[in-house]
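Reading through the C-alpha coordinates given below for one structure.
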Amino acid sequence: MLRSYIHLVEPVSIDEGYMDVTEVDMNNDAVSFARSIQDRIIRELDLPCSIGIAPNKFLAKTASNIKKPMGITVLRKRQVNEILWPLPVIDMHGIGESTAKKLETIGIISIGDLANASPNLLKEKLGKNGVRLQNRANGIDNREVDPESIYDTKSVGNSTTLPFDETNIEDLEKVFIRLSKKVAARLDAKNLAGRSITIHIRDANWKNKTRSKTVTNRLYKEQEINQLALDLFQASWNGDPVRLLGVTVNNVYDKGESVEQLSIFNFEEHAKEEPILKLVEQLQGKFGENSIKRGMKLKKKPSLESKTSFSKDFLDDHDHHK
(Lines give C-alpha, C1' and ligand atoms only; values in the text may rest on other atoms or scores of the structure.)
Protein backbone atom coordinates (compact mmCIF):
# COMPACT_ATOMS: atom_id res chain seq x y z
CA MET A 1 0.00 0.00 0.00
CA LEU A 2 2.81 2.42 0.89
CA ARG A 3 4.60 1.62 -2.37
CA SER A 4 1.57 2.89 -4.29
CA TYR A 5 2.68 6.39 -3.23
CA ILE A 6 6.42 6.05 -3.90
CA HIS A 7 8.91 3.21 -4.44
CA LEU A 8 11.25 4.42 -1.66
CA VAL A 9 9.76 2.27 1.09
CA GLU A 10 11.99 0.37 3.53
CA PRO A 11 10.25 -2.39 5.52
CA VAL A 12 11.63 -2.78 9.04
CA SER A 13 9.25 -5.39 10.40
CA ILE A 14 5.88 -6.85 9.49
CA ASP A 15 4.06 -3.68 10.58
CA GLU A 16 6.66 -0.91 10.42
CA GLY A 17 8.69 0.89 7.78
CA TYR A 18 10.16 4.11 6.43
CA MET A 19 9.08 6.17 3.41
CA ASP A 20 11.20 8.80 1.68
CA VAL A 21 8.54 11.22 0.42
CA THR A 22 10.95 13.93 -0.75
CA GLU A 23 9.74 13.62 -4.34
CA VAL A 24 6.03 13.28 -3.53
CA ASP A 25 3.87 16.25 -4.55
CA MET A 26 1.89 16.99 -1.39
CA ASN A 27 1.46 20.76 -1.77
CA ASN A 28 3.78 21.36 1.19
CA ASP A 29 1.27 19.78 3.54
CA ALA A 30 2.98 16.70 4.98
CA VAL A 31 0.47 16.31 7.80
CA SER A 32 -2.52 16.07 5.43
CA PHE A 33 -0.59 13.60 3.27
CA ALA A 34 0.19 11.47 6.32
CA ARG A 35 -3.42 11.64 7.45
CA SER A 36 -4.61 10.40 4.05
CA ILE A 37 -2.35 7.35 4.41
CA GLN A 38 -3.48 6.77 7.98
CA ASP A 39 -7.16 7.00 7.01
CA ARG A 40 -6.66 4.61 4.10
CA ILE A 41 -4.96 1.99 6.29
CA ILE A 42 -7.70 2.10 8.90
CA ARG A 43 -10.41 2.06 6.23
CA GLU A 44 -9.00 -0.75 4.05
CA LEU A 45 -7.20 -2.88 6.64
CA ASP A 46 -8.90 -1.89 9.89
CA LEU A 47 -5.46 -1.24 11.40
CA PRO A 48 -4.59 1.86 13.47
CA CYS A 49 -1.12 3.33 12.88
CA SER A 50 1.00 6.16 14.19
CA ILE A 51 3.12 8.23 11.80
CA GLY A 52 6.25 10.27 12.45
CA ILE A 53 7.26 13.06 10.06
CA ALA A 54 10.89 14.16 10.26
CA PRO A 55 14.00 14.94 8.17
CA ASN A 56 15.68 11.59 8.91
CA LYS A 57 14.94 8.01 9.92
CA PHE A 58 15.88 8.28 13.60
CA LEU A 59 13.70 11.32 14.22
CA ALA A 60 10.83 9.85 12.20
CA LYS A 61 10.96 6.65 14.28
CA THR A 62 11.09 8.69 17.49
CA ALA A 63 8.17 10.85 16.37
CA SER A 64 6.06 7.81 15.48
CA ASN A 65 6.30 6.62 19.10
CA ILE A 66 5.09 9.90 20.63
CA LYS A 67 1.38 9.59 19.82
CA LYS A 68 0.03 6.06 19.65
CA PRO A 69 -2.01 4.34 18.34
CA MET A 70 -3.41 6.86 15.83
CA GLY A 71 -1.19 9.91 16.15
CA ILE A 72 0.71 12.01 13.62
CA THR A 73 3.76 13.82 14.98
CA VAL A 74 6.14 16.25 13.30
CA LEU A 75 9.64 16.35 14.81
CA ARG A 76 12.10 18.92 13.51
CA LYS A 77 15.82 18.93 14.17
CA ARG A 78 15.62 22.23 16.02
CA GLN A 79 13.17 20.64 18.49
CA VAL A 80 15.55 17.89 19.60
CA ASN A 81 16.95 19.73 22.62
CA GLU A 82 13.47 20.72 23.75
CA ILE A 83 11.63 17.41 23.22
CA LEU A 84 14.28 14.67 23.40
CA TRP A 85 17.04 15.91 25.69
CA PRO A 86 14.98 15.88 28.93
CA LEU A 87 14.06 12.20 28.43
CA PRO A 88 16.03 9.31 30.02
CA VAL A 89 18.42 7.57 27.63
CA ILE A 90 16.48 4.30 27.95
CA ASP A 91 13.63 6.02 26.07
CA MET A 92 15.84 6.61 23.03
CA HIS A 93 15.42 4.30 20.06
CA GLY A 94 18.52 2.10 19.77
CA ILE A 95 19.35 2.04 23.48
CA GLY A 96 18.52 -1.00 25.60
CA GLU A 97 18.95 -1.73 29.29
CA SER A 98 22.55 -2.92 28.93
CA THR A 99 23.69 0.23 27.09
CA ALA A 100 21.72 2.47 29.47
CA LYS A 101 23.52 0.91 32.44
CA LYS A 102 26.92 1.43 30.81
CA LEU A 103 26.07 5.07 30.15
CA GLU A 104 24.91 5.51 33.75
CA THR A 105 28.35 4.46 35.01
CA ILE A 106 29.85 7.52 33.30
CA GLY A 107 27.13 9.89 34.49
CA ILE A 108 24.92 9.89 31.41
CA ILE A 109 21.29 9.71 32.52
CA SER A 110 19.32 11.76 30.00
CA ILE A 111 19.41 11.99 26.21
CA GLY A 112 20.74 15.53 26.71
CA ASP A 113 23.65 14.15 28.74
CA LEU A 114 24.42 11.80 25.86
CA ALA A 115 24.19 14.57 23.27
CA ASN A 116 26.68 16.75 25.15
CA ALA A 117 29.06 14.11 26.51
CA SER A 118 32.74 13.85 25.62
CA PRO A 119 33.04 11.97 22.30
CA ASN A 120 36.29 10.37 23.49
CA LEU A 121 34.63 9.10 26.66
CA LEU A 122 31.76 7.60 24.68
CA LYS A 123 34.14 5.97 22.22
CA GLU A 124 36.16 4.48 25.08
CA LYS A 125 33.03 3.09 26.76
CA LEU A 126 30.95 2.00 23.75
CA GLY A 127 33.30 2.07 20.77
CA LYS A 128 31.96 3.33 17.45
CA ASN A 129 28.43 2.71 18.68
CA GLY A 130 28.90 5.48 21.25
CA VAL A 131 29.65 8.01 18.50
CA ARG A 132 26.64 6.83 16.50
CA LEU A 133 24.33 7.15 19.51
CA GLN A 134 25.60 10.63 20.26
CA ASN A 135 24.84 11.68 16.70
CA ARG A 136 21.31 10.33 17.11
CA ALA A 137 20.88 12.23 20.37
CA ASN A 138 21.74 15.39 18.43
CA GLY A 139 19.23 14.53 15.71
CA ILE A 140 21.90 13.47 13.19
CA ASP A 141 21.16 10.42 11.05
CA ASN A 142 22.40 10.21 7.45
CA ARG A 143 21.04 6.76 6.61
CA GLU A 144 19.03 6.63 3.41
CA VAL A 145 15.70 4.88 3.04
CA ASP A 146 16.80 1.63 1.40
CA PRO A 147 14.11 -0.53 -0.23
CA GLU A 148 16.64 -3.38 -0.59
CA SER A 149 17.76 -3.56 3.05
CA ILE A 150 15.26 -6.30 3.81
CA TYR A 151 17.34 -8.57 1.56
CA ASP A 152 20.55 -8.15 3.57
CA THR A 153 22.56 -11.35 3.84
CA LYS A 154 21.38 -13.69 6.61
CA SER A 155 22.92 -16.86 5.20
CA VAL A 156 25.47 -17.99 2.62
CA GLY A 157 24.98 -21.27 0.84
CA ASN A 158 25.50 -23.30 -2.27
CA SER A 159 23.75 -26.32 -3.77
CA THR A 160 24.10 -28.56 -6.78
CA THR A 161 21.80 -30.93 -8.61
CA LEU A 162 23.71 -34.09 -9.44
CA PRO A 163 23.76 -35.34 -13.06
CA PHE A 164 22.28 -38.67 -11.89
CA ASP A 165 21.06 -40.30 -8.69
CA GLU A 166 24.15 -40.93 -6.59
CA THR A 167 24.72 -43.60 -3.92
CA ASN A 168 28.51 -43.76 -3.81
CA ILE A 169 29.62 -42.19 -0.52
CA GLU A 170 33.05 -41.22 -1.86
CA ASP A 171 31.51 -39.28 -4.75
CA LEU A 172 29.03 -37.61 -2.38
CA GLU A 173 31.90 -36.59 -0.10
CA LYS A 174 33.61 -34.97 -3.10
CA VAL A 175 30.43 -32.96 -3.74
CA PHE A 176 30.48 -31.72 -0.15
CA ILE A 177 34.12 -30.67 -0.56
CA ARG A 178 33.22 -28.57 -3.62
CA LEU A 179 30.17 -27.03 -1.93
CA SER A 180 32.10 -26.21 1.25
CA LYS A 181 34.85 -24.57 -0.78
CA LYS A 182 32.35 -22.34 -2.57
CA VAL A 183 30.56 -21.39 0.65
CA ALA A 184 33.87 -20.59 2.38
CA ALA A 185 34.93 -18.44 -0.60
CA ARG A 186 31.68 -16.45 -0.49
CA LEU A 187 31.99 -15.93 3.27
CA ASP A 188 35.60 -14.78 2.86
CA ALA A 189 34.64 -12.40 0.05
CA LYS A 190 32.17 -10.68 2.38
CA ASN A 191 34.29 -11.06 5.55
CA LEU A 192 31.47 -13.03 7.18
CA ALA A 193 31.22 -15.91 9.62
CA GLY A 194 28.21 -17.91 10.77
CA ARG A 195 26.80 -19.50 13.90
CA SER A 196 25.15 -22.57 12.41
CA ILE A 197 25.21 -24.86 9.40
CA THR A 198 22.44 -26.59 7.46
CA ILE A 199 22.70 -29.33 4.85
CA HIS A 200 19.99 -30.00 2.26
CA ILE A 201 19.38 -33.42 0.75
CA ARG A 202 16.94 -34.27 -2.03
CA ASP A 203 16.48 -37.90 -2.93
CA ALA A 204 15.50 -39.52 -6.23
CA ASN A 205 11.80 -39.13 -5.36
CA TRP A 206 12.17 -35.36 -4.82
CA LYS A 207 11.75 -35.69 -1.08
CA ASN A 208 13.68 -32.97 0.74
CA LYS A 209 15.47 -33.31 4.03
CA THR A 210 17.44 -30.71 6.03
CA ARG A 211 19.72 -31.16 9.03
CA SER A 212 21.22 -28.32 11.08
CA LYS A 213 23.79 -27.79 13.81
CA THR A 214 24.69 -24.72 15.88
CA VAL A 215 28.36 -24.19 16.70
CA THR A 216 30.13 -22.36 19.52
CA ASN A 217 32.92 -20.95 17.36
CA ARG A 218 32.50 -18.65 14.38
CA LEU A 219 32.13 -20.74 11.27
CA TYR A 220 33.82 -19.69 8.03
CA LYS A 221 36.73 -22.04 7.25
CA GLU A 222 36.39 -24.56 4.44
CA GLN A 223 37.70 -27.49 6.51
CA GLU A 224 35.25 -26.89 9.38
CA ILE A 225 32.29 -26.36 7.05
CA ASN A 226 33.05 -29.54 5.16
CA GLN A 227 33.57 -31.65 8.29
CA LEU A 228 30.34 -30.47 9.92
CA ALA A 229 28.39 -30.98 6.69
CA LEU A 230 29.73 -34.52 6.31
CA ASP A 231 28.95 -35.34 9.95
CA LEU A 232 25.35 -34.18 9.49
CA PHE A 233 25.03 -36.12 6.25
CA GLN A 234 26.45 -39.37 7.58
CA ALA A 235 24.20 -39.17 10.65
CA SER A 236 21.05 -38.79 8.55
CA TRP A 237 21.64 -40.56 5.23
CA ASN A 238 20.03 -43.99 4.95
CA GLY A 239 21.68 -44.97 1.67
CA ASP A 240 18.88 -43.77 -0.63
CA PRO A 241 19.99 -42.31 -3.99
CA VAL A 242 20.75 -38.59 -3.73
CA ARG A 243 19.79 -36.09 -6.43
CA LEU A 244 20.71 -32.75 -4.81
CA LEU A 245 23.03 -31.61 -2.05
CA GLY A 246 23.35 -28.20 -0.46
CA VAL A 247 25.36 -26.54 2.31
CA THR A 248 24.36 -23.29 4.01
CA VAL A 249 26.04 -21.31 6.80
CA ASN A 250 23.37 -19.40 8.71
CA ASN A 251 23.11 -16.45 11.11
CA VAL A 252 26.08 -14.74 9.48
CA TYR A 253 27.77 -11.64 10.85
CA ASP A 254 30.89 -9.56 10.24
CA LYS A 255 33.99 -11.46 11.40
CA GLY A 256 35.53 -8.26 12.73
CA GLU A 257 32.79 -7.99 15.35
CA SER A 258 33.33 -11.39 16.97
CA VAL A 259 35.67 -13.17 19.33
CA GLU A 260 36.74 -16.70 18.44
CA GLN A 261 36.88 -19.48 21.01
CA LEU A 262 39.48 -22.21 20.95
CA SER A 263 38.62 -25.39 19.06
CA ILE A 264 40.42 -28.41 17.68
CA PHE A 265 40.31 -26.70 14.28
CA ASN A 266 41.98 -23.42 15.29
CA PHE A 267 44.32 -24.61 18.06
CA GLU A 268 47.43 -24.44 15.86
CA GLU A 269 46.56 -20.97 14.65
CA HIS A 270 46.10 -19.73 18.22
CA ALA A 271 49.30 -21.42 19.34
CA LYS A 272 51.26 -19.49 16.70
CA GLU A 273 49.70 -16.25 17.94
CA GLU A 274 50.50 -16.91 21.61
CA PRO A 275 53.71 -14.77 21.62
CA ILE A 276 51.74 -11.88 20.11
CA LEU A 277 49.01 -12.21 22.72
CA LYS A 278 51.57 -12.21 25.53
CA LEU A 279 53.21 -9.07 24.11
CA VAL A 280 49.85 -7.31 23.89
CA GLU A 281 49.09 -8.30 27.49
CA GLN A 282 52.46 -6.94 28.68
CA LEU A 283 51.94 -3.62 26.90
CA GLN A 284 48.44 -3.28 28.29
CA GLY A 285 49.75 -3.97 31.79
CA LYS A 286 52.40 -1.27 31.42
CA PHE A 287 50.51 1.44 29.52
CA GLY A 288 46.85 0.71 30.23
CA GLU A 289 44.15 -1.58 28.89
CA ASN A 290 43.27 0.67 25.95
CA SER A 291 46.86 1.37 24.90
CA ILE A 292 46.91 -1.40 22.29
CA LYS A 293 44.30 -3.72 20.83
CA ARG A 294 44.22 -6.45 18.23
CA GLY A 295 43.21 -5.13 14.84
CA MET A 296 40.40 -6.47 12.70
CA LYS A 297 40.52 -7.57 9.08
CA LEU A 298 39.39 -4.85 6.71
CA LYS A 299 36.38 -5.61 4.59
CA LYS A 300 37.25 -6.62 1.07
CA LYS A 301 35.94 -4.94 -2.01
CA PRO A 302 32.61 -6.26 -3.24
CA SER A 303 33.06 -9.64 -4.83
CA LEU A 304 31.63 -11.00 -8.02
CA GLU A 305 30.48 -14.03 -6.03
CA SER A 306 26.78 -14.69 -6.50
CA LYS A 307 24.55 -12.88 -4.02
CA THR A 308 21.60 -15.11 -4.83
CA SER A 309 19.97 -16.61 -1.74
CA PHE A 310 20.55 -20.35 -1.62
CA SER A 311 17.24 -20.91 0.14
CA LYS A 312 15.36 -19.07 -2.61
CA ASP A 313 17.14 -21.09 -5.31
CA PHE A 314 16.45 -24.32 -3.49
CA LEU A 315 12.75 -23.62 -2.92
CA ASP A 316 12.21 -22.25 -6.43
CA ASP A 317 13.82 -25.37 -7.86
CA HIS A 318 11.66 -27.54 -5.65
CA ASP A 319 8.45 -25.73 -6.64
CA HIS A 320 9.38 -26.04 -10.29
CA HIS A 321 9.53 -29.82 -10.06
CA LYS A 322 6.41 -30.35 -7.92
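These numbers were taken from a predicted model, which means no experiment stands behind them. Below, each value reflects all heavy atoms present in this structure, side chains not excepted, and no hydrogens, waters or symmetry copies.
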(message) Could you check whether any side-chain heavy atom of L103 comes within less than 4.5 Å of a side-chain heavy atom of L122, counting everything from C-beta outward?
(response) yes
(message) I'd like to know if the side chain of N226 reaches the main chain of E222, judged simply by a donor and an acceptor atom lying under 3.5 Å from each other, with no hydrogens or angles considered.
(response) no
(request) Indicate yes or no for a side-chain donor-acceptor contact from D141 to the backbone of R143 under 3.5 Å, with no hydrogens or angles considered. (result) yes
(message) Hydrophobic cluster membership, with links at side-chain heavy-atom distances under 4.5 Å among I/L/V/M/F/W/Y: are L121 and L126 in one?
(response) yes
(request) Kindly indicate whether the side chain of V242, heavy atoms from C-beta on, has any atom under 4.5 Å from the side chain of T167. (result) no
(message) Any heavy-atom pair between the side chains of E16 and K61 that's under 4.5 Å?
(response) yes
(message) Set out, in order, the CA-CA distance, both residues' side-chain angles and the distance that settles side chain to side chain contact (heavy atoms under 4.5 Å, CB included) for I53 and T73, then state yes or no.
(response) CA-CA 6 Å; I53 302 170; T73 304; over 6 Å; no
(message) Tell me the closest heavy-atom pair linking V80 and N138, and the distance in Å.
(response) CG1-C, 4.2 Å
(request) Might you confirm whether atom CD of E44 has over 12 heavy atoms from other residues, nucleotides or ligands at distances under 6.0 Å? (result) yes
(message) Has Q79 got a side-chain atom pairing as donor or acceptor with R76's backbone, closer than 3.5 angstrom?
(response) yes
(request) Please name the pair of heavy atoms, one in G139 and one in L59, separated by the smallest distance, quoted to 0.1 Å. (result) O-CD1, 3.9 Å
(request) Check the pair N250, R195 against side chain to side chain contact (heavy atoms under 4.5 Å, CB included), reporting the backbone distance first and the verdict last. (result) CA-CA 6 Å; N250 307 298; R195 295 183 174 90; over 6 Å; no
(request) Ignoring hydrogens and angles, tell me if any N or O in the side chain of D203 forms a donor-acceptor pair with the backbone of D240 under 3.5 Å. (result) no
(message) Is a donor from one side chain sitting under 3.5 angstrom from an acceptor on the other, for D29 and N27?
(response) no
(message) For D171, is there any backbone N or O sitting under 3.5 Å from a side-chain donor or acceptor partner on E166?
(response) no
(message) Between D231 and Q227, is there a side-chain donor-acceptor contact under 3.5 Å, judged purely by atom types and distance?
(response) yes
(request) Measure across P147 and P11 and return the closest heavy-atom pair with its distance rounded to 0.1 Å. (result) O-CD, 4.5 Å
(message) I need the F33 CZ to M26 CE distance, nearest 0.5 Å.
(response) 5.0 Å
(request) Hey, could you give me the NZ/OG distance between K182 and S159, rounded to the nearest 0.5 Å? (result) 9.0 Å
(request) Treat each ILVMFWY residue as a node, draw an edge where side-chain heavy atoms are under 4.5 Å apart, and state whether I109 and I90 are in one component. (result) no
(request) State, yes or no, whether a side-chain contact exists between V89 and D113 at a heavy-atom distance under 4.5 Å. (result) no
(message) Please check: side-chain N/O of R202 versus main-chain N/O of L245, any donor-acceptor pairing under 3.5 Å?
(response) no
(request) For the residue pair H200 and T248, establish whether any side-chain heavy-atom pair is separated by less than 4.5 Å. (result) yes
(message) In this structure, would V175 and I169 fall into the same cluster of hydrophobic residues linked by side-chain contacts under 4.5 Å?
(response) yes
(message) Side-chain heavy atoms nearer than 4.5 Å, only ILVMFWY residues, links allowed to pass through others: does that put L114 and W85 together?
(response) yes
(request) For residues S236 and I201, report the shortest heavy-atom separation together with the two atoms involved. (result) OG-CD1, 3.9 Å
(request) Drop me the distance from L133's CG to T99's OG1, to the nearest 0.5 angstrom. (result) 6.5 Å
(message) Quick one, V249 with R186, criterion side chain to side chain contact (heavy atoms under 4.5 Å, CB included). Give me CA distance, side-chain angles, the key distance, then yes/no.
(response) CA-CA 10 Å; V249 172; R186 290 182 62 194; over 6 Å; no
(message) Test of understanding: clusters of I, L, V, M, F, W, Y form through side-chain heavy atoms closer than 4.5 Å, transitively. Do I140 and Y18 belong to the same one?
(response) no
(request) Find the distance between NZ (K102) and CG (N129) and round it off to the nearest 0.5 Å. (result) 9.0 Å
(request) Would you confirm whether S50, through its side chain, and S64, through its main-chain N or O, come within 3.5 Å as a donor-acceptor pair? (result) yes
(request) Mind checking the OG-CD1 spacing from S110 to I108? Nearest 0.5 Å is all I need. (result) 9.0 Å
(request) Give the minimum heavy-atom separation between G194 and V215, together with the two atoms involved. (result) O-CG2, 4.4 Å
(request) Under the side chain to side chain donor-acceptor pair (under 3.5 Å) rule, what do S36 and D39 come out as? Steps first, then yes or no, please. (result) CA-CA 5 Å; S36 69; D39 291 345; over 6 Å; no
(request) Looking only at non-hydrogen atoms, find the nearest pair between C49 and Q38 and report the distance. (result) O-NE2, 2.7 Å
(request) Would you mind checking if K57 and E144 are paired as a salt bridge, meaning a charged N to carboxylate O distance below 4.0 Å? (result) no
(request) For the residue pair L230 and E173, establish whether any side-chain heavy-atom pair is separated by less than 4.5 Å. (result) yes
(message) Taking ring-ring contact (aromatic ring centres under 6.0 Å, His included) as the cut-off, I'd like each qualifying pair that reaches into residues 226-247, sequence neighbours left out, listed once.
(response) F176-F233, F233-W237
(message) Is any side-chain heavy atom of L84 closer than 4.5 Å to one of M92?
(response) no
(request) Find out whether I72 and R35 are in side-chain contact, i.e. whether some heavy atom of one side chain is under 4.5 Å from a heavy atom of the other. (result) yes
(message) Quiz question: by atom type and distance under 3.5 Å, do the side chains of D20 and T22 form a donor-acceptor pair?
(response) yes
(message) Could you tell me if S212 and T198 have a donor-acceptor pair between their side chains, going purely by distance under 3.5 Å?
(response) yes
(message) Nearest 0.5 angstrom please: L179 CG to I225 CD1, how far?
(response) 11.0 Å
(request) Taking N191 for its side chain and L187 for its backbone only, find out whether a donor-acceptor pair lies under 3.5 Å. (result) no
(request) Give a yes or no on whether the backbone of F58 and the side-chain of N56 come within a donor-acceptor separation of less than 3.5 Å. (result) yes
(message) I'd like to know whether L162 forms a side chain to side chain contact (heavy atoms under 4.5 Å, CB included) with L172, so could you lay out the CA-CA distance, the side-chain angles of the two residues, the decisive distance to 0.1 Å, and finally the verdict.
(response) CA-CA 10 Å; L162 307 180; L172 291 171; 4.0 Å; yes
